[in-house]
Amino acid sequence: MGTQESDERAGGGTGRRALLGAAVLGAGGAVLGLPGTARAAGTRHGGGHGGGVGSLPVPTVIGHRGASGYRPEHTFGSYELALDLGADIVEAGDLVPTKDGHLVCRHEPEIGGTTDVADHREFADRKRTKLLDGVSTTGWFTEDFTLAELKTLRATERIPANRPHNTLYDGRWEIPTFEEVLRWQNEQTRRRGKQVWIYPELKHPTYFRKLGLGTEERLARLLRKYGKDRKNSPVIIQSFEPTSIQRMNKLVGNPLAVLLSGSNSRPWDFVETGDPRTTADLVTPKGLKEIASYAQGIGPTLDLIIPKDSAGRLTEPTTLVRDAHRAGLILHPYTMRNENPFLPAEFRQGSAPDAYGDVFGAFRTYFATGIDGVFTDNPDTGVLAREDFVNG
């Protein structure tokens with residue numbers, strides 16, 4: 001979510017809010033392509049749907065780092081499977097830079113947990129301990145490697161205890177660059193005969209800016225190069241740092257979303273600048289109104305939608321959905337996963353860390369709050385859950 005310095009930005013944030021806000025309008029069964037008699041999803045905000053984000057189904061199913069419940073995350077194998085399983089958008093890219101300034105797709109700049117770098121003796125001396133957003137982190141970091149060096153590595157499963165079946169694919173795919181993702185998006189759009197959407201995230205932008213590797217400008221240049229920097233472009237941009245999204249708002253015309261962590265957390269850019277506000281301040285009507293002045297959506301953790309008690313069971317929904325909609329914002333919370341440890345306690349079945357719980361019940365509960373979409377590691381489950389929800 002950003003913009004170019006051209007006529008695409010005429011009208012500024014209002015036009016883009018209207019565009020992204022169209023996603024919460026009446027996307028009915030005809031849009032979803034569901035069987036039977038479907039009731040309209042999202043009619044709580046009115047009717048009609050147009051181009052851009054407004055053309056997407058509601059609730060929108062977003063493949064979290066691809067189909068990471070089935071393949072190692074942030075690989076083309078994971079991205080393509082997400083599309084095969086019906087994802088409306090693919091989160092193709094948690095964006096971090098290399099030493100020579102290329103944007104690559106990794107969950108974090110530390111890659112010891114998502115690649116085979118530890119098996120490469122030639123990179124043993126690259127292991128470091130760094131302070132990453134205030135947290136001491138030991139491992140190998142993308143900013144210490146050239147792109148050519150990273151391309152010698154292969155992706156591995158990040159949470160093998162929960163997804164032992166994913167380890168079958170360890171070593172199969174390399175680390176993609178975001179430029180490769182943009183070309184892949186074009187190729188997949190042609191091949192599938194419909195527009196493929198992506199939802200990249202700028203990771204730790206303040207950290208990288210202090211290293212002289214500012215990521216917002218690099219992202220904007222790539223979007224302009226591929227003609228995907230406009231309000232109707234099929235690329236939504238997200239970040240946990242509000243000032244990073246404000247920066248993108250001045251650079252490109254894409255839809256933008258501010259990610260929100262736990263209530264007591266502070267965005268790292270706020271920590272660096274001495275802004276005392278926490279997430280709890282940002283989700284007040286006043287805070288949401290401010291976000292709506294430069295962004296079109298928010299990506300809250302699911303616990304901000306429905307908190308859990310000390311036993312991990314869901315309590316009562318907050319007013320966040322209502323308050324965000326009143327501010328003109330859409331909500332794409334994160335993250336739905338099928339495995340027991342990631343589900344609210346009442347939806348777990350057994351105790352095995354890799355066993356599935358009653359995820360359909362959890363989806364139904366969250367969809368009923370009025371959220372406009374959700375990130376999920378299992379897009380096929382999300383699509384089926386949406387079908388159940390829309391058809392009542």
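Please read these numbers as outputs of a predicted model, since none were measured by experiment.
- The main-chain N or O of Thr75 is never found under 3.5 Å from a side-chain atom of Ser78 such that the two would form a donor-acceptor pair.
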Before you tell me yes or no, could you show the steps for Leu384 and Phe363 under side-chain contact (heavy atoms from CB on, under 4.5 Å), namely the whole-Å CA-CA distance, both residues' side-chain angles and the distance that decides it to 0.1 Å?
CA-CA 10 Å; Leu384 286 172; Phe363 266 109; over 6 Å; no

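- The cluster map of Ile, Leu, Val, Met, Phe, Trp and Tyr, joined by side-chain heavy atoms under 4.5 Å apart, puts Leu150 and Leu132 in the same cluster.
- Between Tyr79 and His74, the angle of the ring planes goes over 60°, which puts this pair in the perpendicular group of the 30/60° scheme.
- Considering all non-hydrogen atoms of both residues, Ile245 and Ala295 come closest at CG2-CB, 4.0 Å.
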For Leu304 and Thr318, run side-chain contact (heavy atoms from CB on, under 4.5 Å): C-alpha distance rounded to whole Å, both residues' side-chain angles, the deciding distance at 0.1 Å, then the answer.
CA-CA 7 Å; Leu304 291 175; Thr318 68; 5.7 Å; no

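- A donor-acceptor pair shorter than 3.5 Å can be found between the side chains of Tyr70 and Asp380.
- No hydrogens or angles considered: nothing links the side chains of Asp275 and Thr273 as a donor-acceptor pair under 3.5 Å.
- Formation of a donor-acceptor pair under 3.5 Å by the Asp372 side chain with backbone atoms of Leu331 is found in this model.
- Between the side chains of Ser265 and Thr279, a donor-acceptor pair is found at a separation under 3.5 Å.
- In terms of modelled atom types and a separation under 3.5 Å, the side chain of Tyr334 and the main chain of Leu260 share a donor-acceptor contact.
- In summary, the side chains of Ser244 and Glu216 do present a donor paired with an acceptor at a separation below 3.5 Å, with no hydrogens or angles considered.
- Using a cut-off of 4.0 Å between Lys/Arg side-chain N and Asp/Glu carboxylate O, Asp133 and Lys203 are scored as not salt-bridged.
- Leu81 and Val374 end up in different hydrophobic clusters when Ile, Leu, Val, Met, Phe, Trp and Tyr side chains are linked at under 4.5 Å.
- For an aromatic pair to be called close, the ring centres must be under 6.0 Å apart, and His332 with Tyr199 satisfies this.
- Taking a cutoff of 4.0 Å between a charged side-chain nitrogen and a carboxylate oxygen, Asp303 and Lys308 qualify as a salt bridge.
- Looking at every heavy atom in both residues, Thr167 comes nearest to Pro160 through CG2-CB, 3.8 Å.
- Applying the salt bridge (charged side-chain N to carboxylate O under 4.0 Å, His left out) definition to pairs two or more places apart or across chains, those involving residues 168-188 are Lys151-Glu174, Lys151-Glu180, Glu179-Arg183, Glu179-Lys225.
- Here the shortest heavy-atom pairing between Arg337 and Val359 reads O-CG2, 3.8 Å.
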For the pair Lys130 and Asp144, evaluate salt bridge (Lys or Arg N to Asp or Glu O under 4.0 Å) and give the outcome as yes or no after the intermediate values.
CA-CA 12 Å; Lys130 300 189 180 189; Asp144 296 328; 3.0 Å; yes

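- Side-chain atoms of Thr381 and Asn338 include a donor-acceptor pair closer than 3.5 Å.
- In terms of heavy atoms, Val181 sits closest to Ala92 at CG1-CB, 3.7 Å.
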Walk me through it: do Leu202 and Met248 pass the test side-chain contact (heavy atoms from CB on, under 4.5 Å)?
CA-CA 10 Å; Leu202 288 161; Met248 291 306 301; 3.8 Å; yes

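- Under the 30°/60° scheme for interplanar angles, the aromatic rings of Phe367 and Phe389 are found to be tilted.
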CA sep, side-chain torsions, deciding dist, call: Asp377, Arg163, salt bridge (Lys or Arg N to Asp or Glu O under 4.0 Å)
CA-CA 11 Å; Asp377 290 7; Arg163 292 166 180 171; 2.8 Å; yes

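- Looking only at distances, no side-chain donor or acceptor of Lys99 sits under 3.5 Å from a matching main-chain atom of Thr142.
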Please walk me through it: do Leu182 and Ile198 pass side-chain contact (heavy atoms from CB on, under 4.5 Å)?
CA-CA 9 Å; Leu182 291 172; Ile198 59 174; 3.9 Å; yes

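- Judged by distance alone, with hydrogens and angles left aside, the side-chain atoms of Arg128 form a donor-acceptor pair with the main-chain N or O of Asp125 at under 3.5 Å.
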Apply ring pair (Phe, Tyr, Trp, His ring centres under 6.0 Å) to residues Phe240 and His204 and explain how you reach the verdict.
CA-CA 8 Å; Phe240 278 100; His204 307 289; 8.8 Å; no

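- Shortest non-hydrogen contact noted between Tyr356 and Gln349 is O-OE1, 3.8 Å.
- Tyr207 meets the ring-ring contact (aromatic ring centres under 6.0 Å, His included) test with no other residue; sequence neighbours excluded.
- Looking at Arg158, its side chain never comes within 3.5 Å of a backbone N or O of Pro72 through a donor-acceptor pair.
- Taking Ile, Leu, Val, Met, Phe, Trp and Tyr as members and joining any whose side-chain heavy atoms lie under 4.5 Å apart, directly or through other members, the hydrophobic cluster of Phe342 also contains Ile159.
- For the residue pair Thr60 and Asp88, no side-chain donor N or O sits within less than 3.5 Å of a side-chain acceptor on the partner.
- Ion pairing between a basic and an acidic side chain is recognised when a charged N comes within 4.0 Å of a carboxylate O; Arg209 and Glu217 show such pairing.
- Side-chain atoms of Trp140 never come within 3.5 Å of backbone atoms of Ala118 as a donor-acceptor pair (strictly under, hydrogens ignored).
- A salt bridge links Arg65 with Asp94: the closest approach of a Lys/Arg side-chain nitrogen to an acidic carboxylate oxygen falls below 4.0 angstrom.
- Under a 3.5 Å cut-off, the side chain of Thr376 and the backbone N or O of Gly382 do not form any donor-acceptor pair.
- A donor and an acceptor atom, one from each side chain of Arg106 and Thr114, are located under 3.5 Å apart.
- No salt bridge links Lys286 with Asp323; every basic N to acidic carboxylate O contact stays at or beyond 4.0 Å.
- With a 6.0 Å radius and a threshold of 12 heavy atoms from other residues, nucleotides or ligands, Asn264 has its CG atom at or below the threshold.
- A cation-pi arrangement is found for Arg126 relative to Phe145, the charged atom lying closer than 6.0 Å to the ring centre and inside a 45° cone about the ring normal.
- When every heavy atom of Thr115 is checked against every heavy atom of Ile175, the shortest pair comes out as CG2-CD1, 3.8 Å.
- Between Lys210 and Glu272 there is a salt bridge, with a side-chain nitrogen of the basic residue lying less than 4.0 Å from a carboxylate oxygen of the acidic one.
- Side-chain polar atoms of Trp184 and Glu80 form a donor-acceptor pair below 3.5 angstrom.
- At a threshold of 4.0 Å, the pair Arg277-Glu290 counts as salt-bridged, since one of the basic side-chain nitrogens sits closer than that to a carboxylate oxygen.
- Remark: the His64 side chain and the Asn378 side chain contain no N/O donor-acceptor pair separated by less than 3.5 Å.
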